[in-house]
2 protein chains.
Amino acid sequence: MSDLLRSIREQMPELNPKEQTIAAFITEHPQLVVRLGITELADQSQTSAATVSRFCKNFHAGGFAGLKLQLATELALQPAADSYQDIVAGNTLESIVTAMEANHIRSISDTSRLLDPKQLARALDVLRNAGQIDIYGVATSGVVAQDFYQKLVRIGRRATAFSDPHMQITSASILGEGDTAFAISYSGETPETIDALRCAKERGAATVSLTKYGPNTLSSLADIPLYTSSLEEGMRRGDMASRIAQLHVVDILFTGLVTESFDEYVPKLEQSFQMVKKYRKEKGR
Amino acid sequence: MSDLLRSIREQMPELNPKEQTIAAFITEHPQLVVRLGITELADQSQTSAATVSRFCKNFHAGGFAGLKLQLATELALQPAADSYQDIVAGNTLESIVTAMEANHIRSISDTSRLLDPKQLARALDVLRNAGQIDIYGVATSGVVAQDFYQKLVRIGRRATAFSDPHMQITSASILGEGDTAFAISYSGETPETIDALRCAKERGAATVSLTKYGPNTLSSLADIPLYTSSLEEGMRRGDMASRIAQLHVVDILFTGLVTESFDEYVPKLEQSFQMVKKYRKEKGR
DNA sequence: TCATACACGAAAATCATTTTCTTAGCTACC
DNA sequence: GGTAGCTAAGAAAATGATTTTCGTGTATGA
């Protein structure tokens with residue numbers, strides 16, 4: 001049940017000339033092939049039905065019907081992972097919803113694919129063992145920082161997230177060994193965030209960065225770089241998809257922390273949850 | 001290209017007895033049907049091939065082959081949109097990433113499906129014409145509120161987002177006709193947020209809510225209720241997926257605003273972007 | 001140059017699908 | 001109550017698509 005289209009493409013060079021024509025046609029117009037009959041496909045690729053039938057056998061696709069079936073399922077999976085949709089003037093509401101859905105989904109799956117389990121594990125490690133966790137991020141990334149901060153506090157970790165650059169530096173300057181600094185910036189070039197992380201590093205804290213994929217100042221500075229998928233150029237205000245991707249990573253880190261120490265953290269989560277409720281009840285609601 | 005399986009299920013009651021058996025078999029074993037011939041399917045459902053063929057015609061599936069094709073593509077799409085994964089103790093990092101990916105993607109597509117274009121349009125309307133926009137939300141929803149706030153400010157809209165309950169009420173109490181209040185709460189039962197929205201409503205402001213789907217205090221209070229998909233019970237800390245879904249809606253609203261008045265807002269976006277850059281340069285970076 | 005092997009298409013055989021024809025059961029109107 | 005008309009549904013015929021067989025032509029190597 002592996003990727004048929006891919007294996008056709010890969011094996012093309014070793015194929016007979018006629019089979020190459022067939023392979024070429026299939027890889028170039030897969031969605032057409034699905035609707036065609038075997039004779040029509042034979043015509044289109046200047047061969048005979050018999051050759052096409054043999055071709056299918058060679059790829060152990062279970063005959064022509066089987067090939068069409070596999071193609072259909074593979075194609076169905078494609079569009080979801082299709083290219084990012086740019087958003088331009090005059091779109092209808094429906095198309096905005098669809099485009100946004102596609103972009104966000106794409107952004108999440110791309111980022112998942114990009115995450116290196118080793119770096120994730122290291123990040124979890126320094127987060128788990130940190131005395132104090134500082135989270136840096138401004139503007140859009142500040143929102144993500146806030147979110148991470150809230151999560152950490154809820155499981156009883158000592159964390160701070162300032163969006164004020166002065167406070168970031170101030171906080172960074174009192175970190176030390178055994179502490180962890182976590183810097184978020186999509187571009188990886190936000191000066192305020194870079195300064196804060198550099199300061200934290202000088203103080204001996206473990207440093208983690210969360211930036212777009214590719215070389216950038218922030219990730220080169222960090223001990224443990226984490227990446228979100230980087231968007232195509234021209235993408236209108238890429239920060240929407242990037243922020244979703246960043247939160248996705250934050251969720252993974254948080255969940256990683258919680259599951260690693262399930263027994264320790266889950267009661268704390270419940271506790272904080274109950275406490276908010278109780279406090280409200282006492283106010284008479 | 002709509003959901004064939006769904007339409008079969010929905011139309012079942014109005015079908016002939018024999019057609020019902022066929023429909024039942026198809027909906028119960030769709031992945032089997034894809035591999036079966038028409039006669040085999042006829043045998044399995046105690047009918048004749050002719051009846052199955054007619055059945056396919058009735059559903060405008062383009063014959064039995066067409067039906068199989070559609071089923072195949074729909075089934076291929078299913079697993080990705082499969083049920084929410086619960087996250088429990090002792091998961092490996094890889095499985096956490098996968099589960100989180102599935103949950104977030106599911107959450108985004110479900111929410112997209114749930115959005116009512118009419119309500120969206122109304123929400124855009126009151127946002128576009130608002131003098132002042134107040135955004136309410138505490139804790140997790142506060143992060144989303146912040147995000148929305150930042151976006152609105154960037155296109156030059158007068159907006160505020162307080163996470164402090166007192167400030168929320170204070171701000172709400174100086175709203176008036178022509179203003180808009182936007183309240184975010186996953187449960188729709190957060191007392192602070194409800195209070196703020198009620199206050200805004202009393203002052204004559206247009207009210208929009210963003211809550212989970214289903215009856216809740218906040219959405220019943222709002223002029224324009226918007227919904228995110230609600231998660232199954234037992235889902236560990238549902239607020240992760242819900243926050244992604246809320247941001248998804250915020251992004252759609254924001255994009256809707258921008259595209260509706262493309263020429264007005266895009267220059268402002270560029271402007272704010274350039275200004276931040278310029279300011280940094282002047283500082284000598 | 002001949003033998004062998006292989007690719008390929010034509011046509012036959014097979015198999016699946018659709019259509020037509022027929023029957024049985026039902027309803028409504030005489 | 002009987003009969004005409006309708007519908008559902010299967011049997012069988014017709015159609016159409018796919019696979020296999022078979023034969024030809026071409027290339028390769030002895």
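All chains are named by letter (A, B, ...) in the order of the sequence lines, taking the proteins before the strands, and each is independently numbered beginning at 1. In what follows, every heavy atom counts, from backbone to side chain, and hydrogens, waters and symmetry copies are set aside.
Between B/Phe148 and B/Phe182, the distance separating the two ring centers is shorter than 6.0 angstrom.
Not a single side-chain hydrogen bond (donor to acceptor under 3.5 Å, both in side chains) links B/Glu94 to another residue, sequence neighbours left out. For B/Tyr227, the ring-ring contact (aromatic ring centres under 6.0 Å, His included) partners are B/Tyr213, not counting sequence neighbours. Scanning for side-chain hydrogen bond (donor to acceptor under 3.5 Å, both in side chains) contacts around A/Thr51 gives A/Ser48, with sequence neighbours left out. Take B/Thr207 and apply the side-chain hydrogen bond (donor to acceptor under 3.5 Å, both in side chains) test, not counting sequence neighbours, and it matches B/Asp223.
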Shorter than 3.5 Å, N or O on both sides, protein versus nucleotides 9-12 of chain C: list them out with atom names.
unit_1, atom_1, unit_2, atom_2, d
C/dG9, OP1, A/Lys18, NZ, 3.4
C/dG9, OP2, A/Ser48, N, 3.3
C/dG9, OP2, A/Ser48, OG, 3.3
C/dG9, OP2, A/Thr51, OG1, 2.8
C/dG9, N7, A/Arg54, NH2, 3.0
C/dG9, O6, A/Arg54, NH1, 3.2

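Put simply, CZ on B/Arg35 is 16 Å from P on C/dA16, counting in whole angstrom units. With rounding to whole Å, B/Leu67 atom CG is found 13 Å from C/dT17 atom C1'. D/dG16 atom C1' lies 16 Å from atom CZ of B/Phe64, rounded to whole Å. Whole-Å rounding puts the B/Asp43 CG to D/dA11 P distance at 10 Å. Rounded to whole angstrom, the span from the NZ atom of B/Lys68 across to the P atom of C/dT18 amounts to 10 Å. In this structure, B/Ile38 atom CD1 and D/dG16 atom C1' are separated by 13 Å, rounded to whole Å. Atom CD1 in B/Ile22 sits about 8 Å away from atom P in D/dG10, given to the nearest Å. Rounded to an integer number of Å, the gap from B/Phe55 CZ to D/dG10 P is 14 Å.
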Give every donor-acceptor pair under 3.5 Å between a side-chain atom in residues 115-122 of chain B and any protein atom, sequence neighbours left out.
unit_1, atom_1, unit_2, atom_2, d
B/Asp116, OD1, B/Lys118, N, 2.9
B/Gln119, OE1, B/Arg122, NH1, 3.1

